[in-house]
2 protein chains.
Amino acid sequence: MARNVEFNETLAIQKAMEVFWKKGYNATSLRDLTDAMQINSSSLYNTIGDKQELFVRCVQHYTDIRKQDWDKRLASKRSPLAVLVDYIHEAVKIIINGEDSCMAVKSAFEVATNDERVKQILVADDQRSYQFLYDLIKNAMDKGEIRDDEDPALLADYFNSTWTGWYESYILHKDPVKIKRMAQYFIKQLTK
Amino acid sequence: MARNVEFNETLAIQKAMEVFWKKGYNATSLRDLTDAMQINSSSLYNTIGDKQELFVRCVQHYTDIRKQDWDKRLASKRSPLAVLVDYIHEAVKIIINGEDSCMAVKSAFEVATNDERVKQILVADDQRSYQFLYDLIKNAMDKGEIRDDEDPALLADYFNSTWTGWYESYILHKDPVKIKRMAQYFIKQLTK
DNA sequence: TCTATTCTGAAACAGTTGTTTCAGAATATC
DNA sequence: GATATTCTGAAACAACTGTTTCAGAATAGA
């Protein structure tokens, strides 16, 4: 009966996400967004909604990508400890080489306190991150790869919150060695 | 020869700091600030400067207060380990009972990447925090209060970045038990 | 091809932003 | 008390904010 939407919504969300990621929610203007997305604001409001709604979609998109990564790693046939150590090393790489910090962390501090929907998305993301760590730690314990004299739930919780501080440290000091040494200590705690 | 400034600058900075702390830099408007400070914007621009300058002064003020606390604790005559454990417990209390997260952490993620002066203030603050932890850990090791098979500099670095994640966790889950359990594990790592 | 429906672009919206202006009130020094 | 200087309050500033409007372009189904 009528015309179809002209732009690729997924691609537009991706572009918007990159801007929000870099600048944060409040420092990003609607013009910044429509420029990056290459669409008119009328199209944006017609299809996705207002700035808040767009941000929610972007955070959701960001956490969806993370989930895919965790699922892929959990499906690996390598030993739990190997997967865990590999994951830590890749996390360090991302912190050191990434242009911007983790969008989930930034959004937790800037937006989650004011926007319940964003908060819920981040809570779900954090729980998946926890579960990923818990599964690996628990399996590694059961296989005797790491010591099992500590509650795996506690370790997963503790480690899960550890990354955040590494991001802050790297923003302030831009010192890759610092991050690498902390990661090494992290691994050592598990294995020894 | 002429009139003096009418308002109490320290008090005004304190009030501005509270607003920035709660809302963040970008979400705070000049009106929000002048309302809280109870001064006219002309007075603000005459004495302190623009929004950025005011924010710099507020972050400086925030970190000054922290420095005072560390100095006081370091001057204590109690054992290093007792001071450290006490500090951790108070940090947990602040996370759990505080209305807002740490302003230094929030500002690191929101502002430090764009404002070199803010970044430098936070770097200095972080180094003092590190030094505080290092001194206590080193002294505790020398006194045989804690094991000394680990590099105190590494431990100080690691623990220094740990708090940040606790703030994020509390924003998302509002779970005091989670934070307390992590703090307990933290202390256990040192002492056992 | 016609047409009913939907999408798009450009412009406009009112409200807010950070900042400046300036007349007049206030006062430290003489 | 006079006066030269400085501070304050209210208003105004242009630029920008997020959002809406609407005429016309586009097209899926008849």
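Numbers restart at 1 for each chain; the letters A, B, ... are given by sequence-line order, proteins then strands. Just so it is clear, the values below take in all heavy atoms, side chains as well, and ignore hydrogens, waters and symmetry mates.
- Between Tyr130(B) and Trp70(B), the distance from one ring center to the other does not fall under 6.0 angstrom.
- Straight-line distance from the CG atom of Asp50(B) to the C1' atom of dT20(C): 13 Å, rounded to whole Å.
- Side-chain atoms of Ser42(A) and base atoms of dT20(D) include no donor and acceptor less than 3.5 Å apart.
- Here the side chains of Lys23(B) and Thr113(A) are not in contact, with every heavy-atom distance at 4.5 Å or above.
- Across residues 21-36 of chain A, Thr28(A), Ser29(A), Leu30(A), Arg31(A) each have a non-hydrogen atom less than 4.0 Å from an atom of DNA chain D (numbered order).
- Remark: P of dG18(D) and OH of Tyr45(A) are 7 Å apart, rounded to the nearest angstrom.
- At distances below 3.5 Å, at least one donor-acceptor pair connects side-chain atoms of Thr28(A) with backbone N or O atoms of Gly24(A).
- The CG atom of Leu44(B) sits 11 Å away from the P atom of dT20(C) (whole-angstrom rounding).
- What separates NZ of Lys51(A) from P of dT19(D) is a distance of 8 Å, to the nearest Å.
- For the contact set between residues 112-121 of chain A and DNA chain C, defined by any heavy atom under 4.0 Å, there are no members.
- Atoms CG (Asn40(B)) and P (dC22(C)) sit 16 Å apart, rounded to a whole Å.
- Tyr167(A) and Phe109(B) have their aromatic ring centers separated by at least 6.0 angstrom.
- Listed nucleotides: dT8(C), dT20(D), dT8(D). Nearest to the side chain of Ser43(B): dT8(D).
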Reading DNA chain C 5' to 3', how would its secondary structure be written in dot-bracket notation, given Watson-Crick and G-U pairs with both distances under 3.5 Å, brackets [ ] for crossing pairs and | for partners on other strands?
-> ||||||||||||.||||.||||||||||||

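- When the C1' atom of dC7(C) is taken as reference, atom CD1 of Ile48(A) falls 14 Å away, rounded to whole Å.
- A straight line from CZ of Phe7(A) to C1' of dA26(D) spans 16 Å, rounded to a whole angstrom.
- Tyr62(B) has its ring centre no less than 6.0 Å from the ring centre of Phe20(B).
- A 4.5 Å side-chain heavy-atom check between Tyr158(B) and Phe186(B) finds every atom pair outside the cut-off.
- Two residues, Asn46(A) and Asn46(B), neighbour DNA chain D, and the one matched to the more 5' nucleotide by heavy-atom proximity is Asn46(B).
- Between His89(A) and Ile187(A) the shortest side-chain heavy-atom distance falls below 4.5 Å.
- Taking 3.5 Å as the limit, the base of dA28(C) and the side chain of Asn4(B) contain no donor-acceptor pair of atoms between them.
- With contacts defined as side-chain heavy-atom distances shorter than 4.5 Å, the pair Val92(B)/Trp163(B) does not qualify.
- When every heavy atom of Ile88(B) is checked against every heavy atom of Ala183(B), the shortest pair comes out as CG2-CB, 4.0 Å.
- One finds no salt bridge joining Asp100(A) and Lys106(A) here, because no Lys/Arg side-chain nitrogen approaches an Asp/Glu carboxylate oxygen to under 4.0 Å.
- Looking at heavy atoms from C-beta onward, Tyr45(B) lies in side-chain contact with Leu30(B) at the 4.5 angstrom threshold.
- Between Tyr134(B) and Asn160(B) the shortest side-chain heavy-atom distance does not fall below 4.5 Å.
- At the heavy-atom level, Ser41(B) lies under 4.0 Å from base atoms of the strands shown.
- Atom-to-atom, CD of Gln52(A) to C1' of dT19(D) comes out at 13 Å; the value is rounded to the nearest Å.
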